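We count residues from 1, following the sequence as given. First listed ligand is number 1; within each ligand, the first listed atom is number 1. What you see is a predicted model, and the numbers here were worked out from it, not measured in a lab.
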Amino acid sequence: MIRKLNLSLLFLCVSIFIWAPTDAISSESLLQGAHAVSSVMPKSCRACHRGMRMTVTGEEAICLSCHGTDSSRSQMRSRGFLVGQTAELADISAVLAKPYNHPVLTVANVHRQMEKLPEENVSAARHAECVDCHDPHQVAVDAPFRGIPGRRIVNTIVEIEHEYELCYKCHADSANLPGGSTNKRTEFKTSNRSYHPVEGEGANSYVISLKAPYAARADHPGDVSIISCRDCHGNDDPSGPRGPHGSNYEGLLIDAYEMRDGNSESQYAYALCYRCHERNSILGDESFPKHSLHVTGGPSGVGTSCFTCHDAHGSPRYQALIRFNDQVVRPTVTGKLEYKTVSASSRSGSCTLLCHGVEHLDRSY
Ligand code: HEC
Ligand code: HEC
Ligand code: HEC
Ligand code: HEC
Ligand code: HEC
Ligand code: HEC
Ligand code: HEC
């Protein structure tokens with residue numbers, strides 16, 4: 001109650017400044033970026049802080065009044081909150097309603113203002129609201145996380161600089177990670193044996209299957225050697241709004257990725273990987289000489305997924321993102337499960353494991 005009163009008081013003060021035409025400085029410092037353009041949002045704070053108290057909760061309804069359906073947007077236009085011929089705003093609610101999504105629409109009343117993330121309470125409910133990822137007072141076109149607090153360095157909180165820092169707030173050291181979910185920070189660590197190059201350049205200096213513009217290291221102008229969460233996670237519709245709001249593909253992925261065992265290989269089944277890794281190189285056994293046999297299944301035509309052997313994020317223990325899917329790959333009868341390699345460039349190694357009833361005892365390639 002005291003908090004709410006304080007907020008209303010603060011509003012009163014700020015509002016006086018904002019509506020006094022002589023003082024633009026205070027409004028500028030509170031509201032910057034995309035929502036501060038007065039020719040588009042002439043009612044400033046009131047576009048979101050409505051009603052008597054002008055308090056808002058951080059739930060999505062306010063945002064979706066402009067970033068939702070055409071009909072809610074035209075209501076905002078008719079009430080004068082949104083004016084001018086701005087670029088057409090996209091319907092984020094339709095993307096959030098896709099089968100794999102951030103639970104913005106489905107989880108309510110969990111987000112708290114000024115909450116501390118990563119979450120430290122093991123039993124805290126999980127959530128993701130628009131305002132966890134976008135600061136409504138500072139967000140700018142092409143700077144979607146401006147203003148979102150990131151890591152704490154001694155006593156100051158630095159702002160998010162890279163996308164992965166935002167994601168780590170809920171997918172890394174959170175005490176309330178759901179069962180089956182893993183700490184993404186430990187998977188992408190550049191001190192790991194192998195990792196997809198999100199935090200820094202990769203561990204392998206010759207990844208033969210890579211397609212342009214990607215290069216294992218940026219040696220030539222135009223080479224890209226770093227990728228981002230958004231290169232794999234996000235909207236499956238390339239012409240729709242960008243961002244990890246929702247997708248028709250499992251894992252909130254931008255493209256298809258068949259993770260189950262026992263499928264036939266196709267461009268579609270592993271489309272996500274084939275965006276950046278040449279299909280002909282993988283099936284042509286240019287690196288792992290048994291790729292084709294495992295992925296296509298040889299004469300049987302029943303192969304196994306990349307997911308059976310590779311982790312899409314990183315592998316603390318093995319080269320080449322090797323991490324066996326324990327639903328498919330088991331230890332041998334003597335309890336051994338191991339992948340051995342000589343060096344990253346030797347293209348030889350051996351496996352000790354049990355897969356489809358076939359025992360591999362130090363089977364080498
Ligand atoms: C685009 C929508 C939007 C606009 C415009 C906006 N706000 Fe906010 N504001 C919010 C939301 C949403 C929250 C709650 C954030 C949360 O729950 O984490 C908030 C929270 C606040 C808070 C609470 C403390 C804080 O910093 O989070 C204050 C104070 C505030 N706004 C002041 C203002 C003022 C003053 C203006 C105009 C200069 C303004 N806001 C314009 C959406 C907006
Ligand atoms: C009154 C209408 C209105 C409301 C309410 C509103 N926005 Fe916006 N928002 C806009 C406009 C207009 C832009 C600028 C779009 C442009 O220039 O392309 C924008 C831009 C954005 C962008 C940057 C988009 C980009 O293209 O990169 C984000 C992110 C965003 N808003 C999130 C939010 C969130 C989160 C809320 C709720 C707290 C919210 N908005 C509430 C009108 C609104
Ligand atoms: C404020 C917290 C929060 C932030 C920040 C956040 N997420 Fe999430 N994310 C969630 C929650 C909650 C879920 C629902 C499943 C769960 O509890 O993990 C989820 C689900 C996902 C899923 C789907 C998981 C599945 O099993 O299908 C992916 C992928 C994902 N997030 C990626 C990201 C990426 C990439 C970022 C950064 C751009 C990000 N998240 C930022 C909270 C967050
Ligand atoms: C090269 C593609 C790729 C990149 C880059 C990538 N992911 Fe993923 N991610 C996947 C795939 C494929 C899956 C589904 C298989 C799995 O669970 O490992 C997945 C699953 C997930 C899940 C659900 C499983 C879980 O443990 O909760 C989350 C959350 C997630 N990723 C977050 C992230 C974040 C955060 C980043 C960036 C720091 C990121 N991913 C970067 C491909 C990628
Ligand atoms: C957005 C582009 C992109 C996508 C999508 C992608 N990769 Fe990669 N991948 C890279 C880059 C860049 C490297 C080079 C890393 C390096 O330099 O070590 C790489 C390297 C690898 C490596 C070798 C790592 C090492 O250290 O030897 C493996 C294995 C791999 N990717 C598997 C996959 C699989 C499986 C998928 C699909 C789930 C996938 N990739 C999707 C860009 C991508
Ligand atoms: C888990 C984090 C997360 C949540 C929750 C989230 N967003 Fe986003 N959003 C992002 C990221 C990351 C991007 C930028 C993607 C990019 O640039 O590739 C983005 C992009 C956007 C854009 C720009 C789209 C474009 O193509 O220009 C808008 C508008 C937007 N978000 C609004 C919202 C609204 C409104 C909500 C709540 C209803 C919301 N977002 C919830 C992470 C999130
Ligand atoms: C049976 C296990 C297995 C399966 C299934 C598998 N791989 Fe591999 N992959 C390996 C091994 C082992 C290596 C390391 C070979 C070496 O360098 O010694 C490797 C290396 C790689 C590399 C790094 C070298 C290069 O080619 O650039 C990429 C990328 C890769 N795999 C992608 C894939 C993709 C994509 C799929 C699914 C279409 C897949 N793999 C399926 C075991 C597998």
TODO: Looking only at N, O or S atoms, find the one in His196 nearest to atom 8 (Fe) of ligand 5 and name it.
DONE: NE2
Open item on the list: I need the nearest protein heavy-atom contact for atom 5 (C) of ligand 6: residue, atom name and distance, please.
Closed with: Glu129 O, 3.4 Å
- [ ] Note the single closest protein heavy atom to atom 36 (C) of ligand 6, along with its residue, its atom name and the distance in Å.
- [x] Cys130 SG, 2.9 Å
Open item on the list: I need the nearest protein heavy-atom contact for atom 4 (C) of ligand 6: residue, atom name and distance, please.
Closed with: Cys133 SG, 3.4 Å
Task: Numbering as shown, the atoms of ligand 5 that approach Asn204 to under 4.0 Å (heavy-atom distance) - done: 16 (C), 17 (O), 18 (O), 25 (C), 26 (O), 27 (O)
- [ ] Check ligand 5 against Leu272 and write out every atom of the ligand that is under 4.0 Å from a heavy-atom position of the residue.
- [x] 5 (C)
Task: Gln319, any N or O under 3.5 Å of ligand 5 N or O - done: no
- [ ] Return the residue, atom name and 0.1 Å-rounded distance of the protein heavy atom closest to atom 28 (C) of ligand 6.
- [x] Ile92 CD1, 3.8 Å
- [ ] With heavy atoms of Cys48 as the reference, note each atom of ligand 1 found under 4.0 Å away.
- [x] 1 (C), 2 (C), 3 (C), 4 (C), 5 (C), 42 (C), 43 (C)
Task: Nearest-neighbour protein heavy atom for atom 1 (C) of ligand 5, which is reported as residue plus atom name and distance - done: Cys276 SG, 2.8 Å
- [ ] Could you tell me whether Ile226 approaches ligand 5 through its side chain, its backbone, both or neither, with non-hydrogen atoms closer than 4.0 Å?
- [x] neither
TODO: Examine ligand 5 and decide if any of its atoms is less than 4.0 Å from a heavy atom belonging to His310.
DONE: yes
Open item on the list: I need the nearest protein heavy-atom contact for atom 29 (C) of ligand 6: residue, atom name and distance, please.
Closed with: His67 ND1, 3.7 Å
Open item on the list: What protein heavy atom lies closest to atom 23 (C) of ligand 6? Include the residue and the distance to one decimal.
Closed with: Arg242 O, 4.5 Å
Task: Top protein contact for atom 19 (C) of ligand 6, by heavy-atom distance - done: His134 CE1, 3.4 Å
Open item on the list: Does any N or O of ligand 6 fall below 3.5 Å from an N or O anywhere on His245, backbone included?
Closed with: yes
Task: For atom 8 (Fe) of ligand 5: the N/O/S atom of His277 at shortest distance - done: NE2
- [ ] Would you kindly specify which portion of Ala47 sits under 4.0 Å from ligand 1, judged on non-hydrogen atoms: side chain, backbone, both or neither?
- [x] neither
Task: Identity and separation of the nearest protein heavy atom to atom 13 (C) of ligand 6 - done: Gly243 CA, 3.8 Å
TODO: Specify whether Tyr365 and Tyr339 have parallel, tilted or perpendicular ring planes, treating 30° as the upper limit for parallel and 60° as the lower limit for perpendicular.
DONE: parallel
TODO: Could you confirm whether His137 has any N/O/S atom lying under 2.8 Å from atom 8 (Fe) of ligand 1?
DONE: yes
Task: Structural part of Tyr270 in contact with ligand 5, heavy atom criterion under 4.0 angstrom - done: neither
Open item on the list: Is His49 close enough to atom 8 (Fe) of ligand 1 that one of its N, O or S atoms comes in under 2.8 Å?
Closed with: yes
Open item on the list: Any heavy atom of Ile62 closer to ligand 1 than 4.0 angstrom?
Closed with: no
TODO: Could you pull out, from Cys273, Ala203, Ser194, the option with a heavy atom nearest to atom 41 (C) of ligand 5?
DONE: Cys273
